[in-house]
Amino acid sequence: MSLLRTSAARSLRLPALITGILFGVLSGCSSSDDNDDPGVDIPGDSGDPGTTVVLEPLPNPPLTEAPSADDEPVPFDSVFHTVTDYALVRDTGPRIEDDIVADLTEADYAAGLPEAVITVPAGVDPAINGAPYFEGLSNVRVEAGQLVDIRYVPRDPEGELPGMFPQGLPDGATFDDNFDGTKSLRWQTYQADLGVTAFTVVAVDPANSEYRSSQTVLIAVDPPSDPASVPNIAPSILPIARYTVRAGDPVSIFIIGTDRNGTVPSIELLDPPANAFLTPDERTPEWQILQAVPETAGTITFDVLTRDADDPALTGLDQIILDVLEPAEFERSGDRLKTIAAGSGIEFGSAISPVFYMQADGGVYESIAGSEFGVMTPESSMKWIAINPLPGRFEFADMDNLVSFARANAMKVRGHPLVWHRSLPDWVEETAVEDREVHMREYITRVMTRYSDDVDYWDVINEPVADEGGLRDSLWLEAMGEQYMDIAFAQARELDPTAILVLNEYDIGFAGPKFDALLSLLDRLRAREVPVDAVGFQLHVSSNFDQFDELASNMAAIAERGLDIHVTELDVAIVDDDSDQIQADIYRGIVETCLAQSRCKVLQSWGFTDRYSFRTGQTPLYLDRDYAVKPAYQALQESLGGN
Ligand code: 9MR
């Protein structure tokens with residue numbers, strides 16, 4: 001279904017989406033999480049940009065049901081949380097699990113060992129340097145209760161020994177070094193593992209580590225002929241990290257029991273402190289929420305007993321540990337970042353983690369975020385998969401709560417993202433090409449209608465440019481060509497005439513084909529009068545970033561086009577054992593570059609504590625996991641103030 005009148009617009013015929021799908025499905029990761037799609041060349045880049053789109057009314061009835069009273073969140077007051085100054089809400093009904101990995105079937109198994117997916121980097125000629133491979137593999141079939149044991153023997157046509165690494169492991173499996181150049185997958189299977197599972201190992205060419213062969217093996221686990229033959233092992237809980245919390249704050253910790261045989265263990269607290277207790281989660285009653293108010297500084301250990309559903313005498317024991325600090329330990333000297341930034345004429349803010357108010361350390365998280373930031377982006381709570389996980393089913397509570405948090409702290413909100421190729425529910429990935437335009441417009445309409453009053457900036461289009469230039473091959477591009485952006489921006493403008501509409505992109509802080517492609521895209525959009533107001537520079541950089549001149553000139557090129565610049569997702573991953581001081585210098589350099597550019601109006605980091613970062617292992621933020629300030633925090637204070 002196409003609702004556009006675009007008679008004069010050029011129609012783009014695009015190649016089908018093939019890249020990544022086989023590999024994505026078989027390796028157990030969603031193809032929508034693939035950030036390496038090759039770019040799609042736009043024919044006649046420099047020629048006629050086409051005409052301005054005119055939106056037709058959306059169909060009535062809609063393609064999928066609009067939000068209704070059934071989707072409205074309800075007050076959430078029966079459990080502890082860290083929020084004191086506004087009311088929380090929760091969604092109703094069971095939690096919706098989106099199965100992001102396509103289920104494999106017996107037919108997949110019967111098709112035999114999948115072909116290896118070979119990645120050939122530029123400059124490698126496979127005729128001269130053959131790809132690494134594995135010897136003697138085949139698909140494997142076992143009965144639940146049996147051990148899967150697959151030996152991986154890597155080979156290289158040139159006779160060297162390739163390295164290898166697994167891509168994810170089945171639950172409970174290990175990938176062991178045999179110390180003879182081979183490795184083995186060892187996986188004790190249970191009833192819960194019934195069905196076909198894919199396991200992928202990547203072989204790495206000895207001469208070029210980017211030259212790789214990904215080999216998937218399919219493992220079929222059949223029902224056991226004798227159920228009693230499956231061992232019953234003790235249950236446990238999903239691991240819970242050690243948290244640092246503030247004395248006096250209410251603490252909530254979700255405890256999820258797990259048993260490899262697929263049953264649900266019961267959960268008890270052994271000798272709990274006086275003010276600690278368990279409450280079942282309202283939506284998933286088999287989960288328990290540990291609630292406590294640690295009043296004094298020190299370390300608290302909770303002993304959690306899990307009891308097997310089939311054999312009550314079979315138990316597991318796990319511990320949850322909290323380090324409790326006095327409130328003064330979390331205070332930061334100097335002025336708050338938003339105040340300092342306002343003095344320099346820009347807004348400072350951060351992404352905010354979903355459901356932070358139900359985390360063990362939610363109290364301290366909230367008080368820091370509430371005081372430091374003038375603008376916030378929901379890190380995940382507004383993604384399609386979060387808001388509209390099934391057709392006609394809407395889960396607004398997490399975003400509603402973040403909006404209440406923003407209001408309570410007089411924070412602006414960046415709506416993020418309206419149109420993206422990732423974090424889509426399966427049902428959207430599976431929509432017919434001819435219906436996608438309407439699905440996209442319906443989604444934009446539903447989200448913006450609900451949140452426009454509270455949202456000042458909308459990341460309308462997220463990550464449309466391919467890493468090597470051209471446009472990113474996505475399901476949106478496949479359906480509408482480049483005009484999906486025109487349509488989305490026009491729709492957003494119609495729904496909110498005053499919001500700042502943003503095109504947000506990563507890896508545009510330095511020169512190269514990606515930035516060039518962005519500029520030419522912006523020029524085409526502008527020629528078609530697409531209402532883009534600002535470009536979002538994500539700036540997920542690393543501690544080896546040194547292209548400040550290129551960043552400045554890229555920002556200048558955007559400014560020259562009459563567009564604002566928002567730094568939307570700044571973080572600085574530490575690589576090569578770099579110091580925290582080097583990281584601080586990069587934060588400083590980026591702030592200075594933004595302040596030197598009058599069109600750079602907003603600067604937001606992608607989180608603020610290393611505990612809640614999508615690249616937590618590379619400690620990219622300016623407070624550490626326990627909320628202690630790092631040198632980068634002081635660098636932000638100084639540089640935002642122009643020092
Ligand atoms: O940080 C986000 C991470 O927690 C999510 O799992 C992921 C998928 O939704 O998205 C991350 O945020 C991305 C942002 O939305 C867009 N730019 C890149 C960010 C990092 O991947």
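Each ligand, and each atom within it, is numbered from 1 in the order the structure gives.
On a distance-only criterion, Trp606 and ligand 1 share at least one N/O pair closer than 3.5 Å. Considering backbone and side-chain atoms alike, Asn462 places every N or O at 3.5 Å or more from each N or O of ligand 1.
For Lys601 and Tyr457, the positive end is not near the middle of the six-membered ring at less than 6.0 Å and at most 45° from its axis. Within the cation-pi definition used here (under 6.0 Å to the ring centroid, within 45° of the axis), Arg407 does not qualify as a partner of Tyr86.
Nearest-residue assignment for atom 12 (O) of ligand 1 (options Lys383, His416, Glu569; heavy-atom criterion): Lys383.
Classified by interplanar angle (parallel below 30°, tilted 30° to 60°, perpendicular above 60°), the ring pair Trp476/Trp384 is parallel. Classification of the Phe396-Phe394 ring pair by plane angle, with boundaries at 30° and 60°, yields parallel.
Looking at Tyr506 against ligand 1, nothing comes within 4.0 Å, counting heavy atoms.
The distance from ligand 1 to the heavy atoms of His540 drops below 4.0 Å at these ligand atoms: 18 (C), 19 (C). Which parts of ligand 1 touch Ser423 is read off a 4.0 Å heavy-atom cut-off, strictly below it: atoms 8 (C), 9 (O). Those atoms of ligand 1 with a heavy atom of Glu463 less than 4.0 angstrom away are 16 (C), 17 (N), 18 (C). Heavy-atom proximity to Arg422, at under 4.0 Å, picks out these atoms of ligand 1: 8 (C), 21 (O).
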> For Phe175 and Phe165, what are the C-alpha separation, side-chain angles and deciding distance, and is it a ring pair (Phe, Tyr, Trp, His ring centres under 6.0 Å)?
Replying inline: CA-CA 9 Å; Phe175 195 63; Phe165 61 89; 9.4 Å; no
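Of the residues listed (Arg414, His566, Glu569), the one engaging Gln604 in a side chain to side chain donor-acceptor pair (under 3.5 Å) is Arg414, and it is the only one.
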